[in-house]
Amino acid sequence: MRKWCVLLTLLVSLCPGLAGAADQPVTGGTLIWGRGGDSVSLDLAQATDGESIKAGIQIYENLVKFGDNSMDIEPQLATSWEVSEDGLTWTFHLRKGVTFHDGTPFNAQAVYDSFARVIDENHPFHSYGKWAYLSLSLGMVKEVKVVDDYTVQLVTKKPYAPLLNNLALWLCPIVSPKAMAEYKDQIGMHPVGTGPFKFVKWVKDDQIVLERNENYWGDKAKVDRIILKSIPEPSARLMALQSGTVDIADDLDPDSIALVKKDPNLEVIEKPSINIGYLALNTEKPALKDVRVRQAIAHAIDKDTLIKAIFQGLAIPAKNPFAPTIWGYNDEIQPYAYDPQKAKKLLEEAGFDFSTELELWAMPVSRAYMPEPVKTAELIQAYLAAVGMKAKIVRYDWGTYLKKTANGEHDMCMLGWLGGNADPDNFLYGLLSADTAVTPGAANVALWKNAEFTELVKQAQKIFDKEERAKLYKKAQEIFHREVPWVPLAHSTIVRCYNKKLHDVPLRPNGLNSFQMVWKEK
Amino acid sequence: MNRLELFTDLLRNRTAALGLCLIAGIVAVALAGPALAPYDPLVPAPLDRLQPPSAQHLFGTDSLGRDILSRVIHGSRLSLLIGIISVTISLVPGTVLGLLAGYFGDPLDSIIMRVMDVLLAFPAVLLAIFITAILGPSLPNTMIAVGIVYIPHYARIVRSNVLSLKQQLFVQAIRHLGGSHARVILLHILPNTFAPIIVYATLGMGTAVLQAAALGFLGLGAQPPQPEWGAMLSEGRQYIQMAPHVAGFPGLAILLLVLGFNLFGDGLRDVLDPSLRSR
C-alpha cells in the first residue's frame with residue numbers, strides 16, 4: 001500500500017511537469033537582447049543614457065526599487081526605513097548576508113562609499129567620475145552616516161520628499177567598495193554590484209555579456225546568461241527577432257511593431273508610458289531668445305500628424321513636460337494649436353531674421369520616445385520651412401550628441417526622457433530648473449533659467465503632502481507652457497517585443513526592468 | 001584615327017552604344033529635372049506615407065509621403081554632379097602628379113609614388129569614410145573624399161604612360177632641339193596620355209557614384225532631406241519587408257547609371273586601345 005502511495009505521488013508530481021512544460025519556469029539558456037546602441041558607462045551613477053541603464057540595472061541593486069510592473073517603491077538592499085520628525089534624516093536598515101560579485105560583503109560601509117563618492121568632494125573616489133544628474137540622485141543629501149554595520153542614515157539639506165524615488169533610480173547603485181578602489185575611473189568598464197547578474201565582458205559597439213550570479217541573496221536568475229547585442233539598424237533588429245537570432249528586440253519602429261504583432265512566434269506587450277520626447281530650444285542662442293520665436297515653433301509643428309506618421313498612433317501628443325500617467329499633470333493647459341499663419345505672425349512680430357539657418361540636432365539612435373529621430377527631424381524641418389524658418393539637420397554619434405547638447409552647443413535638439421522616478425520633480429526640477437541648466441553637463445538642455453519656475457519646483461520638494469505638491473507643479477507647468485523652452489512632442493506607448501519562448505517578461509512603465517525572473521523554453 | 005572615325009566606331013560598338021544611351025537618358029532626366037518631377041521632392045505628406053506605386057505616384061511614396069519618382073529625378077542631378085566633381089578632383093591632381101613623377105624621375109618620382117602607394121594601401125571605402133569623418137558628413141565633403149581616394153589611380157596610369165613616352169624619339173628630339181620641360185610636358189606628353197585617362201575617367205564616374213552612394217548609405221554623404229540615391233536606398237531598407245519599392249527604385253537608378261558608365265567606359269577602351277584594333 002505504501003509503495004503504491006509513493007508511486008502515485010511520484011506520478012502526480014511528474015505529470016504537470018510533463019504536460020505543462022511551457023508553464024513551469026525552467027532554469028538555463030541564454031537570453032539574447034537586441035538593442036539600438038552600445039552602453040556608454042556601466043557605472044550607473046555616471047550613466048545618462050538608456051542603453052547604459054538597461055544593462056547596468058541587471059548588475060546593480062539599490063536600497064529600494066520600483067515594482068516590476070509599476071512605479072511603487074519596494075525594499076531591495078534596505079529591508080526597512082524611517083524618516084525623522086523634521087523630515088531631514090532617513091534611516092535605512094540593510095539586508096544581511098549579501099555579497100558583491102567580487103566577494104566583498106555588502107554593509108553600511110559599501111552604502112557609504114557608493115553615496116559619499118558622489119556628494120563628498122573629499123571622498124577618495126570622488127574624482128573618479130562625473131556624477132550625472134546629481135539633482136535626480138543624491139544632490140539633496142548633505143551627509144551619509146554609518147550608524148552600525150547594517151544601518152545607514154542619510155541627512156538631507158532640506159526636507160526632500162522625492163528622495164525615496166531617487167534612491168530607487170539607477171543613479172544610486174550600491175557598488176563594491178573594493179572594485180571602486182581597484183578600477184578607479186575605469187569602474188564604468190568593470191561594474192561590480194550585488195544584482196542577479198554579474199558582468200562578464202564588454203566588446204565595444206558589439207555586445208555585453210552577463211552571467212547568473214550563483215551567490216545571489218534572493219531568487220536566482222532563471223537564465224544562465226544575458227547577451228546584450230548592439231544592432232543599430234531597426235530593420236536588422238526586427239529581422240533578428242523574426243529569425244530567432246535575438247529573443248528581445250528593443251526600440252523597434254512602429255511599422256515593425258505591426259509586423260511583430262502578426263507573427264505567431266512573437267509577443268508584444270504594451271503599456272502607457274511615463275516618457276516624453278521633446279524638441280529643446282536653446283534659450284541662450286540669440287535667435288531663440290525671444291519667447292515669441294519659441295511659441296512660433298510650437299505653433300508650426302503639427303503633432304497629430306507627426307504621431308500618425310512617425311509613431312503609427314502608438315503615442316499621445318504632449319502638451320506638458322511629463323505624461324498624464326504621472327500625478328500632478330495639468331490637464332487645463334491648452335496646447336499650442338498647429339497654426340502656421342499664427343507662427344509666421346509671431347516670427348514677424350519678434351523681428352525674426354529669416355535668413356538665419358538654425359541647427360536642428362537629430363538623435364542618432366531610436367528610443368521609445370523618439371522611434372524615428374531622423375524622420376522626425378525631417379518632418380520638423382519641413383514644418384519650419386513652411387513658416388519660413390531654415391533649419392539644418394545635424395547628427396553626431398550618441399555619446400558626442402549627449403555631451404555636446406549638455407554643453408548647449410545646439411540651437412534646437414531632439415531629446416527625451418524615459419521618466420526616471422515617475423515623480424514630477426524628476427522632469428520639472430531635473431530637466432527644466434535653473435539649477436540643472438549649468439554647462440557642461442546640463443540636463444536642462446534648453447539652458448532655460450526661469451527664476452519663478454525654479455522657485456516653485458524647489459518649494460514643492462520640501463512638501464511631503466502630495467496634493468499640495470501637485471498644486472505647485474500645476475502652476476509650474478503653466479510657466480513652462482508660456483515660455484516654451486521645449487516643444488513637447490509625444491508620450492509614446494511603451495512596448496516590449498520578444499520571442500514567445502520567453503516567459504514572465506516584465507514591463508515597467510519606464511521600460512527599465514531587471515530580467516531576473518525571465519525564463520526561456522528549451 | 002580622326003574624330004568622326006572614333007565616333008562611328010563607338011556607335012558600332014554595342015557595349016559603348018548601350019552605355020551611351022543609358023548615360024544620355026539619365027543626363028536628359030537630370031537636365032529636365034524639375035520640369036519632369038511631378039511633385040516637390042522635399043515636402044513631406046506624412047499621411048500618404050509608404051504608398052505602393054500607383055498612377056498618382058509611379059514609384060510610390062517614401063516613409064514621409066514624398067513622391068519617390070520626383071526624388072529619384074532630382075537625385076539624378078546630385079549623382080551626376082557627384083560623378084563629375086569627384087572625378088575632376090581625382091583627375092586633375094592625379095594627372096599632374098603622374099606627369100611630374102614620370103617625367104622628372106627620382107627623387108621626385110619616389111616621393112610622389114610612395115605617398116600614392118600609402119593611399120592605395122587603404123581600401124577605398126575605408127579611406128573615404130576616414131576623410132569624411134575628418135571633414136564632417138555632407139555632400140561636398142563626400143565628393144572631396146571620393147575624389148581624393150582615386151587620385152593615386154590616375155597618378156599611376158599617367159606616370160606609366162609618361163615613362164614610355166619619355167623614351168620615344170619625338171620627345172627626345174624636341175628636348176635636343178631646345179624645347180623646355182614645360183613645353184615637352186604640356187604640348188607633347190600630356191596629349192598622348194589623354195586616351196587612357198578618358199577611359200579611366202569614364203569608368204571612374206561609375207565608381208564615384210557608387211562610392212558616394214555607399215557613403216550616403218552609411219549616413220556620411222548627403223544629409224536629409226536631400227534626395228541622394230544612396231541615402232534613399234539606406235532609408236528604404238527599413239521598409240524592405242512592407243514597402244520594397246522605397247529601396248527598390250533608388251537602387252535601380254544607381255544600377256542603371258553605374259552600368260551606363262561602365263559599359264561606355266569598356267566600349268571606349270575597346271575603341272581607343274590600338275592593341276585591340278588590329279582585329
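Order of the sequence lines fixes the chain letters, A, B, ..., with proteins taken first and strands second; residue numbering starts at 1 for each chain. Computed from a predicted structure; not experimentally measured.
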Which residues in residues 388-411 of chain A have any heavy atom lying under 4.5 Å from a heavy atom of chain B? Ile393(A), Arg395(A)
How far does [atom1] of [X] sit from [atom2] of [Y], to the nearest 0.5 angstrom?
X         : Y         : atom1 : atom2 : answer
Gln241(B) : Asp255(A) : CD    : CG    : 11.0 Å
Met242(B) : Ser256(A) : CE    : OG    : 4.5 Å
Glu378(A) : Asp62(B)  : CD    : CG    : 8.0 Å

Kindly indicate whether the side chain of Pro46(B), heavy atoms from C-beta on, has any atom under 4.5 Å from the side chain of Leu379(A). yes
Contact part of Leu306(A) toward chain B, heavy-atom cut-off under 4.5 Å: side chain, backbone, both or neither? neither
Side chain, backbone, both or neither: which part of Asp302(A) has a non-hydrogen atom closer than 4.5 Å to chain B? neither
Using non-hydrogen atoms and a 4.5 Å limit, figure out which bit of Arg49(B) sits close to chain A: side chain, backbone, both or neither. side chain
Tell me, out of Pro44(B), Gly65(B), Pro224(B), who's got the most heavy-atom pairs with chain A below 4.5 Å. Pro224(B)
Can you confirm whether [X] is buried at [atom1], in the sense that more than 12 heavy atoms of other residues, nucleotides or ligands lie under 6.0 Å from that atom?
X         : atom1 : answer
Phe354(A) : CZ    : yes
Phe122(B) : CZ    : no
Lys204(A) : NZ    : yes
Arg156(B) : CZ    : no
Lys501(A) : NZ    : no

